[in-house]
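Have a look at the structure below before the remarks.
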Amino acid sequence: MSGRLRIGLAAVFVAALLVVAVQLNAAPDLSMTDLDLQRVGLSDAKDVSADTTLSAGDAKAVSMARDYATQYFGSAPQYSRVYLATDTLPADGAGTPVVVIVVPGGTIPFDGPVGGPTFAPLAHKMGLVLDAATGAFLRGFMR
Amino acid sequence: MHAAGRGVVTKVGLAMSMATVFALAQPNSTLACAPRRSHDIVARHAGTLGNASSLTGIASSILEISPYYSGNNPTGTVATVMLTTNNVTQWAQWGWYKSKIDNGNIQRQIGMEFYISAADNTFLFFGAKPIGDQTDYQIWYTSGSYKFYVNDQLYVSEGGLAAPTQYQIFGETHDKSDQFPGSQSAHETLVSTAYFTGSTHIAHTVTSATFNDDSTVSGISHPSAGRYETWDQGCAT
């Protein structure tokens with residue numbers, strides 16, 4: 001094997017390792033689908049995870065969502081995305097703005113019916129829907 | 001009988017206060033004992049099931065308890081009603097559970113699982129009902145949708161599954177060290193259990209035979225029509 005060929009193969013090997021490393025460190029898909037929104041009673045939401053132009057009220061809601069997730073899990077999630085719903089959840093006739101924080105994973109506390117298939121009770125993502133004004137938990141989902 | 005519509009759904013969700021939701025990490029105050037068994041991370045069920053043509057619902061009034069849960073496995077302990085379809089490969093499940101979601105805090109909550117496939121499995125959770133309450137959990141299949149009620153209030157409606165063919169109700173643990181719902185002297189009770197058939201939801205009291213995965217761990221009785229009781233064999237009181 002010539003020296004040039006060895007160098008070429010080594011370069012390919014290193015490149016492959018880099019690709020694997022990048023994939024292992026890739027952030028999970030935490031996007032809220034239309035189905036996710038529908039299932040928690042919302043029609044649309046805006047990803048504000050990296051938005052630096054939020055109003056003071058919206059910024060506070062995002063901060064409360066992150067604080068809630070930190071409290072919920074005992075530490076700040078490595079990955080998360082925060083959404084502000086563009087519609088509201090009605091409560092007693094008054095619309096309540098909501099904020100949603102989505103994090104990876106989640107263990108579903110059921111393992112299916114008797115006589116059914118076995119499956120790992122793991123979710124891909126978990127969302128916590130909070131009152132944007134007070135930070136109160138309203139509902140959650142895992143998929 | 002049932003309020004319908006998404007508006008009610010969201011009202012119910014919003015009615016969950018922090019105080020309700022943070023009925024989390026409950027003390028083992030009601031029907032709780034540590035059975036002092038070793039860990040094995042194995043699921044066990046005790047309950048009943050049955051098939052019915054034109055099945056359109058299942059309901060049971062389930063006692064809210066806070067059984068001992070070691071937290072050694074995250075999936076915890078539950079008592080639920082369920083409808084299954086497509087030869088028990090798809091299901092809708094609804095009831096209380098005590099678990100560690102995402103390996104976080106131990107929590108009591110109302111939980112729903114709607115399993116279409118491994119790639120389309122939805123789990124929703126809401127604030128728990130108070131310990132000691134006998135809570136009505138009901139799933140109705142109507143007009144192609146599965147509707148989940150607590151005490152006759154619609155919490156959520158889901159679509160995408162065929163009509164159900166089988167009902168199940170059961171208690172479930174996922175580790176031998178954890179308490180199966182109830183104790184020998186204070187049973188977990190699932191009462192007024194009924195399945196429904198037809199588009200008008202004709203009620204039929206459930207009288208099907210019990211099943212029990214592991215009688216060395218869990219006990220179950222069926223003292224009267226519609227009534228099922230479970231307990232942990234390692235818990236006298």
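Naming: A, B, ... by sequence-line order, numbering from 1 per chain. No hydrogens, no waters, no symmetry mates; every other heavy atom, side chains included, goes into these values.
What you find for A:V40 and B:L124 is that their closest heavy atoms are CG1-CD2, 4.3 Å. Listed here is the closest heavy atom pair of A:G112 and B:F170: O-CZ, 4.0 Å.
For B:I116, the part lying under 4.5 angstrom from a heavy atom of chain A is the side chain only. Of the atoms belonging to B:F125, heavy atoms from both backbone and side chain fall under 4.5 Å from chain A. Heavy atoms closer than 4.5 Å to chain A are found in the side chain of B:T84, but not in its backbone. Only the side chain of A:L128 has a heavy atom closer than 4.5 Å to any heavy atom of chain B. In this structure, no portion of B:T77 lies under 4.5 Å from any heavy atom of chain A. In this structure, the portions of B:E113 lying under 4.5 Å from any heavy atom of chain A include both its backbone and its side chain. In this structure, chain A has a heavy atom under 4.5 Å from the side chain of B:E158, while its backbone stays farther away. Neither the backbone nor the side chain of A:L42 comes within contact range of chain B, judged by heavy atoms closer than 4.5 Å.
The side chain to side chain contact (heavy atoms under 4.5 Å, CB included) test with A:P113 singles out one residue from B:M82, B:Q90, B:Q93, and that residue is B:M82.
With respect to chain A, the highest number of heavy-atom pairs below 4.5 Å among B:L49, B:N121, B:D213, B:V78 belongs to B:N121.
A:R143 places a side-chain heavy atom less than 4.5 Å from the side chain of B:D120.
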